[in-house]
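Keep in mind that the numbers below use all heavy atoms, side chains included, and drop hydrogens, waters and symmetry copies.
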Number of protein chains: 2
Amino acid sequence: MAKPPKENSPITEHLAYLLAQANREINRQLELRLSKEGVPVEQWRILKVLSDGNGHSMGELADAVLLNHPTLTKMIDRMVSDTLVYRVQDPNDRRKVLMFISDRGKVLCKKLNSLAVDQEEHILESYGDKSTSELKRLLESLIDSSN
Amino acid sequence: MAKPPKENSPITEHLAYLLAQANREINRQLELRLSKEGVPVEQWRILKVLSDGNGHSMGELADAVLLNHPTLTKMIDRMVSDTLVYRVQDPNDRRKVLMFISDRGKVLCKKLNSLAVDQEEHILESYGDKSTSELKRLLESLIDSSN
DNA sequence: CTTCAATTCTTGAATATTCAATATTTTCAA
DNA sequence: TTGAAAATATTGAATATTCAAGAATTGAAG
C-alpha cells in the first residue's frame, strides 16, 4: 500500500519539473505571437507595467518583470534606443531612476496586448475556462505560500 | 456586469506570468538546496533521467531536461570532465551518441534526490497536500492540451 | 547502386546573462 | 554635523546560451 519512495520517482512527477515544463511551453507560444512585432516577452512585460503611466524605479521594475538588475538595465538600454521608454531621475531620491513609457511604447504595447489576449483565448479554448481559473488560483496561492 | 477587457488587465493576472513567477520561485528554492553539492538543477535532471541505467541519446535527453541541443552538449562536456556521465556511440545508428551515468554520478544523484525530496516536503508542509496534487494534475493536463 | 534529402550531434561566433566591483546618493547613529 | 552603513543603479569581465553552419551517418527514391 505504501507509496513508492520519492527518491525513485521520475523527474516528470516533481512539481519543479512540471512548472518548468508548463512555463516553457506557454512561454514558447507567447514568444511566437509576440515575435510578429519582434519583441521579446520581457519587453512586453516592461511596457505593460509602465503603461499605468506612473514612473517606476529600476528596482521595482526588476521585481515586477522577473529580471535581475543588470539584465534589466541592459534591456532598458535597448528599449531607450528604440524610444519605447525613457529615464527620468527621481527628484525625491536621486539614487533612483524612474522609467516611463513613451507614446511609441504605448502604441506598441496595445498591439502586443492583443496578441497576448489571442493566446489566452486559445488556452481557454483548448484547456477550458474552469481549469484555467483554478490553475491561476492555485499558482497564486503557491506563490503566496513561498514568501 | 461585464468583465474588464483583458487588454487592460495587469500582467500579474496572465497565466504566462503566474507560471513564470511560480517557476522562478520554486526553482530558486531548489537551486539553493542543490548548491550544497555545487550542482545546477539541469545537471540533477540529467542524472535523474540517466539513472534508469539505459542509454539515452542527446536528442532524447534534450527533450527530457528542457534544454536545447547545443546547450546540452556543452553541459554534458562539463559532466564528462567531472566523470559523472560518459558517451558511447550508438552501435545501431552511428549518428547518435548514447549517454550513460557513471558510478560517481549515481552516488551524487542519490544525494541530490534527497535534497530535492526535502524541498518537496517543505512545499507539502507550507502549501498543503491537497493543493499540491491538484496543482500537479492541472499542470499535467495543461501540458497535455498544449500538444 | 548512387545520389540527395533528412537526422543527429557538435562547433564557433554572436548575443545575452550573471557576478563582483564601482559610483552615487541617502539614512542614521554618534 | 559628520562619517559609516545601506540602498540604488550601472559597468565590465567572466560565463552561459543561442543561432547558424558544419560534419557524419542514415534513409529512400530513382
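The nearest whole Å value for the distance from the CG atom in A:D90 to the C1' atom in C:dT26 is 12 Å. The nearest whole Å value for the distance from the CD1 atom in B:I76 to the C1' atom in C:dT8 is 15 Å. What separates CG of B:N92 from P of C:dC9 is a distance of 14 Å, to the nearest Å. C:dT8 atom P lies 10 Å from atom CG of B:D63, rounded to whole Å. Atom CG of B:L61 and atom C1' of C:dT8 are 14 Å apart (whole Å). Per the geometry, CG belonging to B:N68 stands 15 Å off P belonging to D:dA16, to the nearest Å. Regarding B:L67, its CG atom lies at a distance of 18 Å from the P atom of C:dT8, rounded to whole Å. Atom pair B:Q89:CD and C:dT10:P shows a separation of 10 Å (rounding to whole Å applied).
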> Where along nucleotides 4-10 of chain D does protein come under 4.0 Å, by heavy atom, of base (B) or sugar-phosphate alone (S), with - for untouched nucleotides?
Replying inline: --BBSSB
Pair up each side-chain donor or acceptor in residues 139-146 of chain A with any protein partner under 3.5 Å, not counting sequence neighbours, and list the distances.
from   : atom 1 : to     : atom 2 : distance (Å)
A:S145 : OG     : A:L142 : O      : 3.1
A:S146 : OG     : A:L142 : O      : 2.8

Let me have the donor-acceptor pairs involving side chains of residues 33-43 of chain B, under 3.5 Å, with sequence neighbours excluded, atom names and distances please.
from  : atom 1 : to    : atom 2 : distance (Å)
B:S35 : OG     : B:L32 : O      : 2.6

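Of the residues in residues 19-46 of chain A, none has a non-hydrogen atom less than 4.0 angstrom from any atom of DNA chain D.
Considering only residues two or more places apart in sequence or on other chains, A:S133 meets the side chain to side chain contact (heavy atoms under 4.5 Å, CB included) condition with none of them. By the side chain to side chain contact (heavy atoms under 4.5 Å, CB included) test, A:E60 is found to be paired with A:H56, A:S57, residues two or more places apart in sequence or in another chain being considered.
Residues B:R137 and B:E134 are paired through a salt bridge, judged by an N-O separation under 4.0 Å between the basic side chain and the carboxylate.
Looking only at atom types and distance, the side chain of B:Q21 has no donor-acceptor partner in the side chain of B:E25 under 3.5 Å away.
Sorted pairs that involve residues 125-145 of chain A and meet ring pair (Phe, Tyr, Trp, His ring centres under 6.0 Å), not counting sequence neighbours, are lacking altogether. For residues 76-94 of chain B, the set of pairs meeting the salt bridge (charged side-chain N to carboxylate O under 4.0 Å, His left out) definition, not counting sequence neighbours, comprises B:D77-B:R87, B:D93-B:R95.
Under 3.5 Å, the side chain of A:K74 and the base of C:dT15 form no donor-acceptor pair of N or O atoms.
Cluster note: A:V107 groups with no other residue, as no ILVMFWY side-chain heavy atom lies under 4.5 Å from it.
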